[in-house]
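In what follows, chains carry the letters A, B, and so on, assigned in the order in which the sequence lines appear, proteins first and then strands, with residues in each chain numbered from 1.
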There are 2 protein chains.
Amino acid sequence: MDTLLKTLAEPKRCEIVRLVWSEEKAAADIAAHFPSVTRSAISQHLGVLRRSGLIKERREGTRRLYSVDHQEVARLRAFLDSFWTDGLERLRDLAESKEPMKGMT
Amino acid sequence: MDTLLKTLAEPKRCEIVRLVWSEEKAAADIAAHFPSVTRSAISQHLGVLRRSGLIKERREGTRRLYSVDHQEVARLRAFLDSFWTDGLERLRDLAESKEPMKGMT
DNA sequence: TGCTTACGTAAGTAGCAACTTACGTAAGTA
DNA sequence: TACTTACGTAAGTTGCTACTTACGTAAGCA
């Protein structure tokens, strides 16, 4: 669970999620938004985002198009919502379990 | 802004916030919930949480009592809420500004 | 005045994470 | 076929971070 939080805690990855929020974008287009770092660095960030499940990859020719996995985002959001509002005891179980947020889809 | 996210991305700090969510607790009581690490480690986590503004400190004799700063938590929550739902353009400005989330109190 | 309690903090270490350069590879193109 | 495009990945470096041990300090107590 904190994997998702750690993933979003990195500003560039947070920005990447925002970039592919409503439309899929190719890796090169995403990298173009970060002139300060290498394309390779962005590719690795995309790898982290993909492994965490926050974004999905689709191949099209030589290009790889990325888009947000809104379902996974919804699970993270549900977790945080329960964190803010209520169910603190239940949240404890979820946060400590090895298979977090079971049945929250 | 990502300072708050980074602070919560650490599991132990997330748990500490949960511990002092509804009632203030002394540092020793908090440390007692983490037998695997030293009291010093928890003290440093408390420092991070305090500097990020997520928790408040109150002295009482030799003891230091900690409690959640719900107002600061509300600001983080508001930021994330706008992240999930809407205002992606406005969110971009907030996330990139040096003085984030101005006027969101 | 000592002594103890309840803390924070300084200093050092190990591991991780974000980055770079260099290389590998699959898909189009001449 | 050879070349280019569009990407991922391996390898190495640097800096941060979570942790430990050791020490400092303010408050209460004998």
Side-chain angles (χ1 to χ4, degrees), chain A residues 1-20 23-69 76 95-96, chain B residues 1-20 23-69 76 95-96:
Chain A
M1 191 60 229
D2 36 279
T3 304
L4 289 177
L5 275 178
K6 276 190 162 62
T7 302
L8 274 187
E10 161 61 43
K12 290 191 181 63
R13 287 197 289 263
C14 200
E15 176 77 4
I16 289 174
V17 169
R18 206 191 57 79
L19 283 173
V20 299
E23 55 173 350
E24 60 181 8
K25 284 197 169 71
D29 297 333
I30 296 168
H33 276 79
F34 300 95
S36 58
V37 291
T38 341
R39 182 192 55 79
S40 177
I42 299 302
S43 180
Q44 292 177 47
H45 278 312
L46 288 172
V48 173
L49 284 164
R50 180 166 32 82
R51 279 186 291 275
S52 78
L54 284 172
I55 65 173
K56 290 179 291 188
E57 185 194 283
R58 185 173 72 86
R59 311 255 179 135
E60 195 182 66
T62 66
R63 296 154 56 92
R64 309 204 185 182
L65 301 167
Y66 292 95
S67 59
V68 164
D69 187 332
L76 174 59
E96 286 179 351
Chain B
M1 190 58 229
D2 36 279
T3 304
L4 289 179
L5 276 178
K6 276 191 162 60
T7 302
L8 274 187
E10 161 61 42
K12 288 193 184 60
R13 286 196 291 263
C14 201
E15 175 77 4
I16 290 174
V17 168
R18 204 191 59 78
L19 282 173
V20 300
E23 54 173 351
E24 61 181 7
K25 282 196 172 68
D29 297 332
I30 297 168
H33 275 79
F34 300 94
S36 59
V37 293
T38 343
R39 181 191 54 78
S40 178
I42 300 304
S43 180
Q44 290 176 48
H45 279 312
L46 289 171
V48 173
L49 285 163
R50 180 166 32 82
R51 276 186 292 275
S52 78
L54 284 173
I55 65 174
K56 290 180 290 186
E57 185 193 284
R58 184 173 73 86
R59 312 255 178 134
E60 195 182 66
T62 67
R63 294 154 57 94
R64 307 206 187 181
L65 301 167
Y66 292 95
S67 59
V68 163
D69 187 332
L76 174 58
E96 288 179 348

**Message:** To the closest 0.5 Å, what do you measure between OH (B:Y66) and CG (B:L19)?
**Reply:** 14.0 Å
**Asked** How many angstroms lie between atom CG of A:L8 and atom OG1 of A:T3, to the nearest 0.5 angstrom?
**Response** 11.5 Å
**Message:** Between C1' on D:dA6 and CZ on A:R59, what's the gap in Å once rounded to a whole number?
**Reply:** 11 Å
**Asked** Which nucleotides of nucleotides 7-20 of chain D have their base under 4.0 Å from a protein heavy atom (B), which only their sugar-phosphate (S), and which neither (-), written as one string 5' to 3'?
**Response** BBBB-------SBB
**Prompt:** Is B:R18 paired with B:E15 through a side-chain N to carboxylate O contact shorter than 4.0 Å?
**Reply:** yes
**Request:** Determine to 10° how strongly the helix from C:dG2-D:dC29 to C:dA30-D:dT1 is bent, judged from the axes of its five-pair ends.
**Result:** 10°
**Prompt:** When rounded to the nearest 0.5 angstrom, what distance separates CG in B:D29 from CD in B:E23?
**Reply:** 9.5 Å
**Request:** Sort and list the pairs that fulfil salt bridge (charged side-chain N to carboxylate O under 4.0 Å, His left out) and have at least one residue in residues 52-61 of chain A, not counting sequence neighbours.
**Result:** A:E24-A:R58, A:R50-A:E57, A:E57-A:R59, A:E57-A:R64, A:R58-A:E60
**Message:** Checking B:K6 now: which residues fulfil salt bridge (Lys or Arg N to Asp or Glu O under 4.0 Å) with it, not counting sequence neighbours?
**Reply:** none
Show every donor-acceptor pair shorter than 3.5 Å between a side-chain atom in residues 36-49 of chain B and any protein atom, with sequence neighbours excluded, or say none if there are none.
from	atom 1	to	atom 2	distance (Å)
B:S40	OG	B:Q44	NE2	3.4
B:H45	ND1	B:R13	NH1	3.2

**Complete:** CG of B:L76 to CG of B:D69, rounded to nearest 0.5 Å, is 11.5 Å
